[in-house]
S.K.: 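Below you'll find the structure I mean.
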Amino acid sequence: MISKLSNPDVIEFIQENLNEDPSTLVLKGANYPDLPIKEIAVQIASRQKARKKLPEWYKNKMLIFPPKENLEQASSQETAKYKASLYSGDSVLDLTGGTGIDLFYLSQNFKKSLYVESSIELSELAKHNFSVLGADIQVNQYRAEDFIANTDKQFDLIYLDPSRRSESNQRLVQIQDYQPNIISILPHLMEKGRTVVVKVSPMVDIRQSIKQFKYVSKVICLAVRNEMKEVLIELKKEGNETPVIETVNIKLSGIDCFKGTALDENNAISTFSSLKKYIYESNSAIRKAGFYKLIGERFKLDKLDPNTHLYTSDDLINEFPGRILTIKEIIKPDKKTLKKQIPSRVINVISKNYPLNANEIRKKYQLIDGGDDFLVFCTVFELGKICLRCSRRL
């Protein structure tokens, strides 16, 4: 396959048809008898997926991509670069190599880099792509379990992004269901790696994960533009009785970081008040970490209600890691009022501690997300369930 897709005529055809519908190209395959049109369609579909996710790789026309299904679990360029900024040393082992995105960026901070992958096809693609990119990475086609059990090498970092799809292509959330089974090979990992980092589902229960893994030194909740992307479990032999949970939100304007422990959250004390001038909503990484009291305490903000994870103050706290809204007014949430006040029906919706979620509210009132104004449906201390019209501050 690599020899076919490396053909200059094939590369040129792919570049000329990057915006075409891959399935339509396959149906027109008879028009291109000299081209491997099915393989080309896969490349076009994958490159369309990679256009935003992996812009640097997308621009390199010599690279060959795996099917887009493989790219779905792969890290984005932004998250891969962030992880690479955290680690350096003499040697790194990616035990679940896959597309090779993470290891390519990690390898730039290590003297020796090893890629391990059980799939022959992915291993061959990675070897080709690493060569094209000029990356000095040794490719090994092995099962992760076999390699880590038999290698006598020590690594400064072992990285794993286990498969989170079942044989029937269902999403897997429970760590013990991943392939390879990280829990079963944990003794080998800790014996061979000074630091071990496991990428897990962004839907994982963090407290439960800390209990499942021994040796947890910290957890990183990683979001990009307020969308949770990854949870990283970092393991070290010495572990940590109360691991630090770091939250990271990569924005166009920079990176918001916030950290604490489960003990910090348990000991934090919330204060409550009714509406003040500003409303604050913490970013998705902080919410994933479960820092609902700690964030308010650290920034001296009042919560709107014990179960409403929104905060308020009369003073503007620009450093707050999340969304800041200015309250305009309380409005009656019915169709007649909303139609009069928002004739375009274009407005963003937030729902916190309210009987309907945001999607249900949009459907009920025929609203479309957009613009700089927000409708915030929530429960407020002493006021009960209300709807606020707000404008975006940050």
S.K.: Identify, with sequence neighbours excluded, every residue that meets side-chain contact (heavy atoms from CB on, under 4.5 Å) alongside Pro202.
M.R.: Met228
S.K.: Is the shortest side-chain N to carboxylate O distance from Glu297 to Lys303 below 4.0 Å?
M.R.: no
S.K.: Output every pair passing ring-ring contact (aromatic ring centres under 6.0 Å, His included) with a member in residues 33-55, not counting sequence neighbours, ordered by first then second residue.
M.R.: none
S.K.: Scan side-chain atoms only and decide if Arg51 and Asn19 contain a donor-acceptor pair under the 3.5 Å cut-off.
M.R.: yes
S.K.: Between the main-chain N or O of Asn226 and the side-chain N or O of Asn249, is there a donor-acceptor pair closer than 3.5 Å?
M.R.: yes
S.K.: Mind checking what makes side-chain contact (heavy atoms from CB on, under 4.5 Å) contact with Asn109, not counting sequence neighbours?
M.R.: Ala84, Ser88
S.K.: Between the side chains of Glu12 and Lys61, is the shortest nitrogen-to-carboxylate-oxygen separation below 4.0 Å, so that they form an ion pair?
M.R.: no
S.K.: Would the Tyr311 and Tyr280 ring centres measure less than 6.0 Å apart?
M.R.: no
S.K.: Which residue pairs pass the ring-ring contact (aromatic ring centres under 6.0 Å, His included) test with at least one member in residues 93-125, sequence neighbours excluded?
M.R.: Trp57-Phe104, Tyr115-Phe130
S.K.: Determine whether a donor-acceptor pair (N or O, by modelled atom type, separation under 3.5 Å) exists between the side chain of His128 and the backbone of Met62.
M.R.: yes
S.K.: Excluding sequence neighbours, so at least two apart, what forms side-chain contact (heavy atoms from CB on, under 4.5 Å) with Gln208?
M.R.: Asp205, Lys211, Gln212
S.K.: Can you tell me which residue pairs pass the side chain to side chain donor-acceptor pair (under 3.5 Å) test with a partner in residues 368-378, sequence neighbours excluded?
M.R.: Lys328-Asp373, Arg362-Asp369, Asp372-Arg392, Asp373-Arg389
